[in-house]
A.B. asks: 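For reference, the structure I am asking about is given below.
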Amino acid sequence: MKISSKKLGDYTILSLSGILNASSAPQLKSYLEETDFSGSLIIDLELVDFLDSSGLGILVGIARRKKAANEILKLANLNDRVKKVFEITQAYTLFDIYDEVNAAAE
Amino acid sequence: MKTLIIIRENAHSWLRDTFPGQHPLLVRICNKSFLEFLFDFSIIAGAREVRIVSDGDMAEIRDFCHDGGRWGLNISYATIQKSDTITQINNKNRRFYAAERIIVLDNLLFIEFNKNESYTEYLASSHVGMLLSNGQGSVYLDGADQQSILEQCGSSPHISIPELGSLPEYFRLSAEILRQGSRYILPGYSNEDGCYIGRNVVIHKGVEIKKPVIIGNNVQIMPGCVIGPEAVIGSTVIIDRESLVTGSIVMHNTFVGEQLEVKNKIASGNRLMDPATGASLQLVDAHLLSEITSEGTVYEGIVRRLVHVLAALLLFIAQLLPYLFLRPFVGEPVAGGTGHEHKTAQLFNRLSLDRFPQLFRVFSGSLRLIGSQPAVFRYAETEEWPENEMDARIVEQFCTLHSHPFGDIPLLLKALLNRKESKIAAS
Amino acid sequence: MTPVRNYLIDTSFSSLPVAVLFLNGRLDASNCSEVHSVFSELLRQSTSIVLDCTELEFLDSSGLGAIVSSLRKAIEAGGDLRLSGLSNNVALLFELTKAQRLFSIYNDSTAAVASFNPLKPE
Amino acid sequence: MKHAISVTLNADIVYTRIASQVAGAAAEVYANEVGITGNIAEFCHAFELSVSESFTNSVRHANHQADGDVTINFFTDANGLTAVVSDTNPEFNPVTPPPDVTLYPEGGYGLFIIHKLMDSISYSRKKDRNILTMTKSAHPPAI
């Protein structure tokens, strides 16, 4: 899994691509611990074509920290397979989910 | 032109109470779900792309609609938060909006429209913003404000949101939709105005159909019934002999008994509701009103066969000796034997020994032990009252639809008992 | 819990005694036989009977059958059985089975009893 | 898909991808061969994700077992396509309460996802192996 981040206005855009499953989840976990993501964050999942419960768990962890710090978190570009995981677990209720990154950054 | 349908999870709780276990938008009115009427409006307005967004669970909606191919629509889904404003919803669905004019149906169950009028210009040329609202649901236009080349078109087509927040209002709207059937796309074949009949509908002789009437699929209307005017009969429904259904709604999977009068009521499964008084009665008497459970699954077929073979085995053991003992005394089972043999033949039949040879066919699986024709024992024999073949068929229809594998055992005992009391001529 | 609480002979309204029978709770297949026995015994004292159903919460077709057969007995004895205080739910069953056509039904028992009074114009 | 397919992998999280890919491929072959009702992509995804979750679950509970293995068998019958995931771990309880998302849980989704995506699940224990059997039917009963 490839991870990159950039700034867009006062948002940080964290872009993930590839497989986010139990095998690649630790890689994202350590990346998040090493990097400072305070402030408003948008996670772009456009290039994520497979998400499992471990990947979901990490995203929910981010949501919890953002909520605790009263900071904004948005997800963007979820394809149907990724959306399905959020829906069947009801995790969608924890996230603001956008079609596109720039609409999220408005 | 596209349509965005916003479903608020906590809305329409009155519908959840009245028709539990169903998503409010999938509840039917005039035999068609609310959502499908919204799809019809969208199609008539020229919007083939539809997105359904909800702040609640959409599994049921997704399973019902899939990608919308069934209606020639392209349906996508998205989730929103309970607190989202219209602008936030717009932002979250930006790719769907994509500089198009969007008809937003927010928290709506039904829109009154007329399929013979044209809505495309009217909706395209109206300005962005609220078009209609009744305080609960609303229709508004969003997305690109088309500097339309068309001026504001002449008269606006008929479009309104009915009051729909209680059972009486549901009941009144249902009757109104049926009365104005030509404005909507009502399901069923309609060879004449005000009459819509579904597939696989059997209307027996002596039945009177008074328009306007709509009947769903897989429906049996037994002889002597009067249906209508203003009757909505759902799918998989049986209306038994000489019953009257007028100004009423019989929801799907409902059995209405014999010589009854359903007038200005709603019958759903074994529940009878009076929209006028709000009264609701859960009937325990299956012969009056009951729910028709759907056909058994593969699993039930296998279990049923097992139950039948086991019961046949027990019967075989119980009847073996009496059969061997009495059989020689009973000539060919000729009806009306005289004197001594007659009495033995009668005893022979009353113990159902005449059916003994057929048990082997149950073991081989070629014949059911009990069921509708053909079977060793017919469901009709579990009741005393059937006089003719028609009565027998009704009992069997009712039993088949309501039967489950283990239910066959008490029915078998009843059949054996009836034959013992020889209430039924030794047929 | 017997479906029939008690009954009283009310003679204040009219010359002939009118019996008021109170039904309460559930009247179904399990206890409708009690109505038969109480009713036939009551019939010996008065053939004008009012069945007060204000406290009747649930009725099934066996219960309804018991009430209809009581009506038949009352008529055979030259009297009548009138109902009062039917709740909306119970009325649903009467309407469904068209049984409401067999009875004159009043809102409360006083009206029902009064209806037996030959002096009062119908 | 006439014959059963069998895959045996070391209980190592790195192989999760292989387990899910095999499941996805098996589902795709079956779906096209039998012609399922509903969306094929959704059917394959359901299988891919469920087997992946089950495999991950087995690896997680293998913890210190050096030579632990996870075997996945696929076969088809009247009920649809079935995957049987078995491992050498100690017994586990396949029925888990649904995660309460309001608590922002980071775990406990795996088995719940399987319950949601598959039409039937059964757990058994044979010769000290956990056997998790998951079936998705080709023609789920319509509403």
A.B. asks: Could you check if a side-chain atom of B:V284 sits within less than 4.5 angstrom of a side-chain atom of C:D28, using non-hydrogen atoms only?
C.D. replies: no
A.B. asks: How far does CD of B:Q282 sit from CG of C:N89, to the nearest 0.5 angstrom?
C.D. replies: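 Here the interatomic distance stands at 11.0 Å.
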A.B. asks: Measure the CG-CE distance between C:L92 and B:M273 for me, rounded to the nearest 0.5 Å.
C.D. replies: 10.0 Å
A.B. asks: Report yes if some heavy atom in the side chain of C:N88 is under 4.5 Å from a heavy atom in the side chain of B:D274; otherwise report no.
C.D. replies: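 No - every pair of side-chain heavy atoms lies 4.5 Å or more apart.
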A.B. asks: Evaluate the side-chain proximity of B:L283 to C:L93: yes if any heavy-atom separation is below 4.5 Å, no if none is.
C.D. replies: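 Side chain of C:L93 against side chain of B:L283, heavy atoms only: contact under 4.5 Å found.
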A.B. asks: Would you say C:K98 has more than 12 foreign heavy atoms packed within less than 6.0 Å of its NZ?
C.D. replies: yes
A.B. asks: Please state whether the side chain, the backbone, both or neither of B:S280 comes within less than 4.5 Å of a heavy atom of chain C.
C.D. replies: backbone
A.B. asks: Report the distance from atom CD of B:E261 to atom CZ of C:R101, rounding to the nearest 0.5 Å.
C.D. replies: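 B:E261 CD to C:R101 CZ: 4.0 Å, rounded to 0.5 Å.
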A.B. asks: Taking all atoms of both residues into account, what is the closest heavy-atom pair of C:S61 and B:D285, and its distance?
C.D. replies: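 The pair with the smallest heavy-atom distance is OG-OD1, 2.7 Å.
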A.B. asks: Let me confirm one number: the NZ-CD distance from B:K265 to C:E95, rounded to the nearest 0.5 Å.
C.D. replies: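 Interatomic distance, B:K265 NZ to C:E95 CD, rounded to 0.5 Å: 3.5 Å.
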A.B. asks: How long is the gap from OG on C:S87 to CG on B:L281, to the nearest 0.5 Å?
C.D. replies: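 Here the rounded value is 8.5 Å.
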A.B. asks: May I have all residue pairs that pass ring pair (Phe, Tyr, Trp, His ring centres under 6.0 Å) and include part of residues 59-99 of chain C, sequence neighbours excluded?
C.D. replies: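 Residue pairs passing ring pair (Phe, Tyr, Trp, His ring centres under 6.0 Å), neighbours aside: C:F94-C:F103.
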